[in-house]
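Below is one structure; the comments refer to it alone.
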2 protein chains.
Amino acid sequence: MPKVGMEPIRRQQLIAATMAAIDEVGLADATVMRIARHAGVSAGIISHYFGGKDGLLEATMRQILTDLGDAVAARRRGLANHGPRAHLQAIIEGNFDRSQVTGPVAKTWLAFWASSMHKPELARLQQVNDRRLYSNLCAQFRRVMPQQDARYAARTLAALIDGLWLRGALTPEGLDAESARRAALATLDQLLSTHSTSAA
Amino acid sequence: MPKVGMEPIRRQQLIAATMAAIDEVGLADATVMRIARHAGVSAGIISHYFGGKDGLLEATMRQILTDLGDAVAARRRGLANHGPRAHLQAIIEGNFDRSQVTGPVAKTWLAFWASSMHKPELARLQQVNDRRLYSNLCAQFRRVMPQQDARYAARTLAALIDGLWLRGALTPEGLDAESARRAALATLDQLLSTHSTSAA
DNA sequence: TTTTATTGATTGAACGTTCAATAAAAGAAT
DNA sequence: ATTCTTTTATTGAACGTTCAATCAATAAAA
């Protein structure tokens, strides 16, 4: 059934199938055959479009990071002249959207996270994303407190976000996004209240 | 060089070698041969003492959890009639000791964490450990605040601990245990100060 | 007829496990 | 003490399996 212009379609199908396979059996057992079966195509097509399994995995991680960045950016749109608290809240809520914080994406994200410890290319992607979150947080905190305090607050909030989300990925019931958001926002307010000279 | 009573020695050697191998190349590439080479023995010995590779991995995770539990318990010893703040501080510091929060143990722990998403036996171990941390935290918070608030505080602090520790495992420089401890203790004080009727 | 898309059998490498062989140590017998 | 026997510890080659990658064959579309 060859039709022209299949490339973008197949790429999306295979990326989605990769997440589905990882969600189902984990990264270690997500073979090219299983991924291909999920997408309804043959195994050979993966090497054709992604150069090999590694290329597909990298593309999948890149997709997840892009979606996450978009979710945060969308919530910050139109907040240009708002206070830091509004921006920080948007960052938190964007991170707990994470395209779909429940289901395949969350498990795939955690699997890549662990895998990035020993795969330089994945580590690079993960680090770029990480620094973006940190410097975004830091820049907003910086508006109401000294740099050193801002750095500390950013590190604390970033760790809390990751921790909440990580625990959500592991509990059988999935992440309770509502209560996670509440915990992060409450901690945010306490981090801000220490320097409550100019609230916004 | 067979000597009697090698079993406990070999088991310890192989568990240590497993962590070293996972630290070096990751769980996915930690083959029985590589682990055996680290321990200076042949590959066949793993099946002999642990029944197979899975048995060794499970024993390794169990060891890490035991060490973690011991580190916390040791710091809480003799705190029987102290206030909740002392117990919570001991729990935090025990978790940032983690036998050796830096090096092989940290990476191995994270690798197992991710792997437990799809291996029921590892998931069981991880869950037992998780519930222990949570209920310990909850019991102490419960002494100075209503149950619902205590549960919220316990979940927040547990997530922060995991998040700090997780980020430490991923940064190339390793976890800055000192600054992580400071962040967790500061958050602890803020969680307690909301209900600062009876400080101890 | 040429181009684009796809298949699936094949290949070669890597893995975990098994097991017969081996050898040191411990115990028994001279 | 020395030799023989049994037990315990260990090896490493062989086996069967699984996987990712390849590529000649195929077929729809242009």
Side-chain angles (χ1 to χ4, degrees), chain A residues 1-61 108 111-112 115 118-122, chain B residues 1-61 108 111-112 115 118-122:
Chain A
M1 314 104 183
K3 233 188 206 169
V4 292
M6 290 302 284
E7 180 156 346
I9 297 170
R10 288 278 178 257
R11 289 182 74 96
Q12 274 308 117
Q13 281 179 338
L14 286 168
I15 287 171
T18 302
M19 297 191 209
I22 292 176
D23 176 56
E24 194 181 320
V25 295
L27 181 55
D29 292 321
T31 65
V32 290
M33 267 203 188
R34 197 186 294 264
I35 293 171
R37 186 147 25 89
H38 260 284
V41 294
S42 82
I45 214 76
I46 288 176
S47 290
H48 183 248
Y49 282 124
F50 292 95
K53 192 188 183 184
D54 284 349
L56 173 56
L57 293 180
E58 191 187 315
T60 303
M61 185 172 188
T108 304
F112 281 135
S115 186
H118 298 97
K119 299 209 174 177
E121 196 50 38
L122 296 185
Chain B
M1 317 104 183
K3 235 188 205 170
V4 293
M6 290 303 285
E7 179 155 347
I9 296 169
R10 287 279 179 257
R11 289 182 73 97
Q12 274 308 117
Q13 281 180 338
L14 286 167
I15 286 171
T18 301
M19 296 191 211
I22 291 176
D23 176 55
E24 193 181 320
V25 295
L27 182 55
D29 292 321
T31 66
V32 290
M33 268 204 189
R34 198 186 293 264
I35 294 170
R37 185 147 25 90
H38 259 284
V41 295
S42 81
I45 213 77
I46 288 175
S47 290
H48 183 247
Y49 282 124
F50 293 94
K53 191 188 183 185
D54 284 349
L56 173 56
L57 294 180
E58 192 187 315
T60 303
M61 185 173 187
T108 304
F112 281 135
S115 185
H118 298 97
K119 299 207 173 177
E121 195 51 37
L122 296 185

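By convention in this document, chain letters (A, B, ...) are assigned in the order of the sequence lines, proteins followed by strands, and residues within each chain are numbered from 1. Since this is a predicted model, take the numbers as computed values, not measurements.
- Atom CG in A:L57 sits 6.0 Å away from atom NZ in A:K119 (nearest 0.5 Å).
- Scanning all heavy atoms of the two residues, the minimum distance from B:G5 to B:P8 falls at O-CD, 3.7 Å.
- Contact between A:K53 and A:T31 at its shortest, heavy atoms only, is NZ-CA, 4.3 Å.
- The distance between atom CD of A:Q13 and atom C1' of C:dA5, rounded to the nearest whole Å, is 13 Å.
- The one candidate from B:Q13, B:Q12, B:E7 that meets the side chain to side chain donor-acceptor pair (under 3.5 Å) condition with B:R10 is B:Q13.
- Taken from CD1 in A:I45 to CD1 in A:I35, the straight-line distance is 14.0 Å, to the nearest 0.5 Å.
- Comparing C:dT6, D:dA21, D:dT11 against the side chain of B:S42 picks out D:dT11 as the nearest.
- Contact annotation for A:G44: base contact, defined as any heavy-atom pair under 4.0 Å involving a base atom.
- Among the nucleotides D:dA21, C:dG16, D:dT10, the one closest to any side-chain atom of B:I45 is D:dT10.
- Contacts of A:F50 with the nucleic acid, taken as non-hydrogen atoms under 4.0 Å apart, are absent.
- Ranking D:dA30, C:dT18, D:dA20 by closeness to the A:V4 side chain, first place goes to D:dA30.
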Study note, to complete from the structure: Applying the Watson-Crick and G-U criteria (both distances under 3.5 angstrom) with [ ] for crossing and | for other-strand pairs, one obtains for DNA chain D ||||||||||||||||||||||||||||||

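- Atom CD1 of B:I46 and atom C1' of D:dT11 are 13 Å apart (whole Å).
- Annotation: proximity of residues 54-61 of chain B to DNA chain D (heavy atom, distance under 4.0 Å) is found for no residue.
- Checked by atom type and distance alone, the side chain of B:R34 never pairs as donor or acceptor with a backbone atom of B:A21 at under 3.5 Å.
- The side chain of B:M6 lies closest to D:dT10, out of C:dT6, C:dG16, D:dT10.
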Practice item. List the steps, then state whether side chain to side chain contact (heavy atoms under 4.5 Å, CB included) holds for B:D23 with B:M19. Key: CA-CA 6 Å; B:D23 176 55; B:M19 296 191 211; over 6 Å; no

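- Note that OG1 of A:T18 and CZ of A:F50 are 7.0 Å apart. Values are rounded to the nearest 0.5 Å.
- You'll find that the side chain of A:Y49 is closest to C:dT6, out of D:dA20, C:dT6, C:dG16.
- Taking a 4.0 Å limit (strictly below) on heavy-atom distances, residues 15-38 of chain A reaches DNA chain D at A:T31, A:V32.
- Expressed to the nearest 0.5 Å, how far CD1 of A:I22 lies from CZ of A:F112 amounts to 4.0 Å.
- For A:E7 and C:dT3, the CD to C1' distance is 15 Å, given to the nearest whole Å.
- In this structure, CG in A:L14 is found 12.0 Å from CD1 in A:I9, a value given to the nearest 0.5 Å.
- If you measure from atom NE2 of A:H48 to atom C1' of D:dA21, you get 14 Å, rounded to the nearest angstrom.
- A donor-acceptor pair is defined here as one N or O able to donate and one able to accept, closer than 3.5 Å; no such pair exists between the side chain of B:H118 and the backbone of A:L27.
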